[in-house]
Structures are given as C-alpha cells and as structure tokens.
There are 2 protein chains.
Amino acid sequence: MVSQKKRRDSAGSRRRLLAAAVHEFAARGFDGAKVDRIARRARVNKAMVYYHFRHKADLYRAVLLERFGAIADRVAIVRAEGGAPEDQLRRFVATVAGLIGDWPELPGIWLREMADGGRHVDAEVMAALRRVVDTLAAILDAGTRAGCFAPAQPLVVQMGIVGPLLLVAASAPLRARLASVLSTRHADVAWPAIVDHIERGTLAVLTGPRPEAAAGPARRPRPRSARA
Amino acid sequence: MVSQKKRRDSAGSRRRLLAAAVHEFAARGFDGAKVDRIARRARVNKAMVYYHFRHKADLYRAVLLERFGAIADRVAIVRAEGGAPEDQLRRFVATVAGLIGDWPELPGIWLREMADGGRHVDAEVMAALRRVVDTLAAILDAGTRAGCFAPAQPLVVQMGIVGPLLLVAASAPLRARLASVLSTRHADVAWPAIVDHIERGTLAVLTGPRPEAAAGPARRPRPRSARA
DNA sequence: GTCTATAAATAGATAGAC
DNA sequence: GTCTATCTATTTATAGAC
C-alpha cells in the first residue's frame, strides 16, 4: 500500500514490531503504550524501533494506516460486488463486524483515535477514512436512486453501524465483570445478535416509515418497492 | 453521593480539581493526562492534588464515579416518570444525548474507559453502570409485558444507543477535518439527526417484524428482507 | 490548606561498537 | 541490521515549612 520498502528485514523485525505495536497501542492507547514493551513483545531490541521508525508517533501512524487501509479495501470490495442496495448494506455491516472479529485490536485503536480527536490521523489515514465513508455513501446513493432507501447522511449511518460494533467488542472485559454483578440475567451479548440488531435497525431507518418533521434533515422515505 | 466530606475546602479547590480533571482525562486519557496540567488548569497547587486524592488513579476514579453516577440518576428518572414504553425509550435516548450535550467530556471518558476494558472501574462505578443497564432492562421489560416490544438483550439495545451517540460526539474534530477533504457534500452530522436515527432504529428493531424467536442469542443473521 | 523543593522512577530517543 | 550503554526530559509523588 504505502511504499515497497522491502529492505530484507532479516526475519521481518519490522513486521513483528508492527504486530506488537498494534497490540500495545490497542490495549493502552498512544500515551499508555511503552516503546520498551513493544520491543520486548516483538522480541526485538528497543533501538530497532528507532531504526525502522522515526519515533513512537511514526510507528503509531504506521499501525493506523495499515488497519484503516485494510478496512477501506474490504468495504470497497463489498461495493464493487454490487447487488441490491439492502444486500450491500448488510454485507457492509457484516464486513466491518468480520474485521473486528479477525482483529480484536481494532476497537481499541479506533475508539481511542476518535476520543483523541484524530490527533494522529495524517493525510494518508484520512484518505483511508474517506474511502470508507465514500463507499457507504455510494451504497446509500444507489439505494436512494433505486427508490428503496430514504436519503440519509452517510456519516450518521456509518456511526450507527460502527458505534455499536466497536463498543460491544471493546467492552467485553467490562461486560464480563458486569455479568457477575448484574441483578438479572441480561448478562452477555452474543456477537451475532448485535450484528443482526444493527443490520435491522439501520435498514429499518432507511426503508421504514417517515419521521413526521423531526429535527433531522431526513426526507420523505419512498415506499420500498422497486429494485435496481 | 460518595461521602459528605465537606471540610470547607476554602474556595472549593477539590471541586475545581475535579472539573479540571474531567477535562484533562477526557482529552488525553488516563496516561496522557498530566497531574501538572490538571493542577494548573484548576489554578491549584500541584501538591493539593495529593492532599485531596491519594494519587492520580484515585482522582480519575472520582471523575468516573461523579459522571456515571449522574448518568444513572438521570436515566432512573426517565423510568420513574413512566409513560408508554416507546416513549420511555425515546426519552432514554434523548436523556443520554442530552447528557452528552451538557458534558462534552463524557464521550472521551466513556469511550476510553471502554477501550481500557474498564481498568479503573471499581465497585462503586460498576454499581452505577449496573443501574443504567437495569433501568433500560426495566423499560424493555415493561414493553415486552405490554406486548409492544419484542424480547431483546438490554446490553445490545444499550450499545445500539450509546455507541453511535458517543462516536458521533467524540469524532466531531475529525469529521470537521474530513469535511474539508470529502469528495461529496456528506460532510457534517447534525446532532438531532443522529438522535432521531437512533430512536427510530432502536424502536424499529424492538417493534418491527419478529424474527421468529428473539431474545435468544443465536439468531440467524440472514433474514430475506427487513421490511418495516 | 497551601506552598516550595525535591526525591525517585520512567520513558523516549541516540551514540557508537559490531 | 543488531546490540549495549546512556543521556535527557518528564512525571508521579512526598517532605516539610508556613
């Protein structure tokens, strides 16, 4: 993706550093992450960190770019594969959910970067984020043109999808503790249940009955009928 | 709420410290927050931090307890006021949205604490979290008994509500930057729009087409079409 | 309760040998 | 590319005067 700097890193110390960094940054955040721990986890000398990366922030940005770039790539495929807008949207949700399933560090990285106001999001990472939003916008637009979706702001829909997924995934440890204190039995959250919840909720808003004249910029949702 | 330690803190240095701490912890996270900055912001000598609080973590826990306690109190009122379950749920959403509006630091604190796996959530804070979930559970239960809600896991619904709200609020700075790079005009997100989106999405899932047997965790995420 | 001064421990980053 | 040793700045936390 970024630049083919394959300088023959012996056993791939750079790659191992990135993997260790993802873990550390996800678990502790940028400030909480320690270069020392990253190096130790990667089984690499600490000085190597500064051989491969200018500084801590540079390593962190590399992590961001790698992960958000992959997300953008994956959702772009969903859009490219086409299909009915409803289906594309469902696959969009499933894809993001799948990425989180594959990369348990994703929620930590993502949530913290949002909480940080995108402090470390540079132009490259921004471009990746833009691709994700643009992809979702294209799906929504296709649905609107096909008459099956009401017009909606892509970022609103995006947050409605990503927010719950990230929060559920990230809160797993806390929910486990909560379960042991919870009065009733609403203890755990099954991952398929939340994915299903989001899929249905999102589609319902896009295809459902119009809101009167709420505060939103929402338009009149066309009756869901025609196909693409 | 915790203990009436009103020792006449001259001009309320303790209170000012708490306010400054909320800001600092929200903006930078636990590790990124510096005791020095908190003291300076509170216009209080740094040593006073350790006079009022045992250590940094203690101050942070006080912040957590104050805010999550207030959240629990406010949503409990929603439940106590009664009304139709749909209305209670809408007011639940509006209340959380209102709290975020009143306290811009809330998303930062909340998201980071989730990303941290609740590292600093002690028994008292846990109790507050429990109250929030229990309140929502009571609302959902009322709806189910009244026959207007399908059974649902409270935590799933909770994440579906809180996730987008927190993410939208926290990502404001990043979205502002994104707007200037975004190809199309899907730039900004109006706060009322997201609240409306969540209200409708959540209610749609609860009142919409039953996927046979809800409540159960292992639901098949492949409904033919989700029409409302 | 408030302040100054400082201890004590980290942690980011680099120099330079191999 | 890899390692040891180390420099420097920062930061939590405390001692003790007022």
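Below, all heavy atoms of this structure are taken into account, side chains as well, without hydrogens, waters or symmetry copies. Every chain is numbered from 1, with letters handed out A, B, ... down the list of sequences.
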Side-chain touch A:I109/A:W103, heavy atoms, less than 4.5 angstrom: no
Within-4.5 Å side-chain heavy-atom neighbours: A:F25 and A:K56: yes
Phosphate-side-chain proximity, A:S13 and D:dG1, N/O vs OP1/OP2 below 4.0 Å: no
With B:R67, the side-chain contact (heavy atoms from CB on, under 4.5 Å) member among B:V125, B:V22, B:L18: B:V22
Pair B:L106-B:I71, side-chain contact (heavy atoms from CB on, under 4.5 Å): steps then yes or no: CA-CA 10 Å; B:L106 206 50; B:I71 295 171; 3.9 Å; yes
Distance in angstrom units between [X] [atom1] and [N] [atom2], rounded:
X	N	atom1	atom2	result
B:M48	C:dG1	CE	C1'	5 Å
B:Y51	C:dT4	OH	C1'	18 Å
A:R40	D:dT2	CZ	P	19 Å
B:H52	C:dC3	NE2	C1'	13 Å
A:R16	D:dG1	CZ	C1'	13 Å

Aromatic plane relationship, A:W110 with A:F68 - under 30° parallel, 30 to 60° tilted, over 60° perpendicular: perpendicular
Parallel, tilted or perpendicular, as decided by the 30° and 60° cut-offs, for the rings of A:Y60 and A:H120: perpendicular
Out of D:dT4, C:dT2, C:dC3, whichever nucleotide has its closest atom nearest the side chain of B:N45: C:dC3
Results of side chain to side chain donor-acceptor pair (under 3.5 Å) for A:R61 - residues two or more places apart only: none
Axial bend angle, the helix from C:dG1-D:dC18 to C:dC18-D:dG1: five-pair end segments, nearest 10°: 0°
Per-nucleotide protein contact string for nucleotides 11-18 of chain C, where B marks a base within reach and S marks sugar-phosphate only (heavy atoms under 4.0 Å, - for neither): SBBB----
Nearest heavy atoms of A:D116 and B:A27, plus distance in Å: OD1-O, 3.8 Å
